[in-house]
Q: 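Sharing a structure with you now.
Owing to the predicted nature of the structure, the values given are computational and were not obtained by experimental measurement. Naming: A, B, ... by sequence-line order, numbering from 1 per chain.
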2 protein chains.
Amino acid sequence: MQTATTEQAPTELKLSGNRKAVYMLMQQQQRALSAYEIIDLLRPQIGRIIHPMLVYRCLDFLLEKQLVVKLVSVNKFVALPNDLTEPGQCLICEICQAVTFSASSNPLQQQKRKIAATGFKLNQQPVEFHGICASCQKDHTE
Amino acid sequence: MQTATTEQAPTELKLSGNRKAVYMLMQQQQRALSAYEIIDLLRPQIGRIIHPMLVYRCLDFLLEKQLVVKLVSVNKFVALPNDLTEPGQCLICEICQAVTFSASSNPLQQQKRKIAATGFKLNQQPVEFHGICASCQKDHTE
DNA sequence: TCGTGATATGTTATATTATCACAATTCGTG
DNA sequence: CACGAATTGTGATAATATAACATATCACGA
């Protein structure tokens, strides 16, 4: 099993074999994936049985390094877009499962400041909004 | 198995036996409960094996009628406080699991309007914020 | 280069949350 | 009362996640 320096991760973070495979897969897919989807997608690449634990461990690491983010409402994981240093919010379509990230807008930052003022210490994790995207609204008006 | 008219539900909605038991339990507990916690708490009352399916069905119904809300990030369900017609947001403490609801504040409503203006049709469900409550911050500064 | 502690990985088992599908019972209305 | 709709009972399975033990690999200092 080779150890390779990753070309994709910021600040030259070294990723071991498995972790790199998982991360690159997530970057390629460009969508939110459940752990089991990752397992299924990885299987052809690795040519060996993939235990869930393998993937969860990799994800734990990638989460810790903030290379990926977990969408806690849908139990999916997604590689952070490279141009987005702070995923303040995301919109999750219930129909097509598309996920759209964006940085915190002013009202959301205001909201977070209000919450902080109550003494509640917020985590750094995107605020998740659920609904139906414009495309699916069109598709489902028939 | 008796059919009883519920005294607690708004607009005289009739709840069947199981559904009433689940709903009343949730109201009594006044905290967010996982389905399995509900099962464990119900067992003494019902005196029969409780299948998860029973509870999930009841929850599905109660969710549909908007008597309870699901905290999707923590897979828990909570009876809506009676004085809160619109649970706009909730704060979830990662340490003690306390959940605090409140109506949408102005910035959050603003945020929702911005999102709606993009064409994304938001669901009616609370926005969940994660962090550490003031109490747990005190307890954990030792 | 070797040894060792730290880290990563392999493996088995289990926990937690949720849904599917079929059957039986109860409810409500004509 | 009959019948269709709704509710419930039951067994099985799916999806997500973690615990625990063992082994292998990596990195660093001597």
Q: How many whole angstroms separate atom CG of B:L15 from atom P of D:dA6?
A: 16 Å
Q: Nearest-Å distance, NZ (B:K20) to P (C:dC27)?
A: 14 Å
Q: Any chain of hydrophobic side-chain contacts (each under 4.5 Å) joining A:L33 to A:L15?
A: yes
Q: Do A:S105 and B:Q111 get their side chains close enough for a donor-acceptor pair, meaning under 3.5 Å?
A: yes
Q: Taking NZ from B:K65 and C1' from D:dA6, how many angstroms apart are they, rounded to a whole number?
A: 12 Å
Q: For the pair made of NZ in B:K14 and C1' in C:dG28, what is the distance, rounded to whole Å?
A: 10 Å
Q: Please examine the side chains of A:K76 and A:K70, heavy atoms only from C-beta on, and report whether any two atoms are closer than 4.5 Å.
A: no
Q: Could you give the CD1-to-C1' distance, from B:I39 to D:dG9, as a whole number of Å?
A: 14 Å
Q: Check this for me, if you would: do A:E37 and A:R31 make a salt bridge, where the nitrogen-to-carboxylate-oxygen distance has to be below 4.0 angstrom?
A: yes
Q: Does A:S16 have a side-chain nitrogen or oxygen under 4.0 Å from the phosphate oxygens OP1 or OP2 of C:dT9?
A: yes
Q: Same cluster or not: are A:L122 and B:I92 linked, directly or through other Ile, Leu, Val, Met, Phe, Trp or Tyr residues, by side-chain heavy atoms under 4.5 angstrom apart?
A: no
Q: Rounded to whole Å, please give me the gap between CG in B:N18 and C1' in C:dT25.
A: 12 Å
Q: Hey, does B:L54 reach any base, or is it just sugar-phosphate, or nothing, if we go heavy atoms under 4.0 Å?
A: sugar-phosphate
Q: Any side-chain donor-acceptor pair under 3.5 Å between A:S104 and A:Q109?
A: no
Q: Measure the distance from CG on B:L59 to P on C:dA18 and round it to the nearest whole Å.
A: 9 Å
Q: How many whole angstroms separate atom CD1 of B:I50 from atom P of D:dG9?
A: 9 Å
Q: How would nucleotides 12-20 of chain D be written as a contact map, 5' to 3', with B for base contact, S for sugar-phosphate-only contact and - for no contact, using protein heavy atoms under 4.0 Å?
A: ----BBBBB
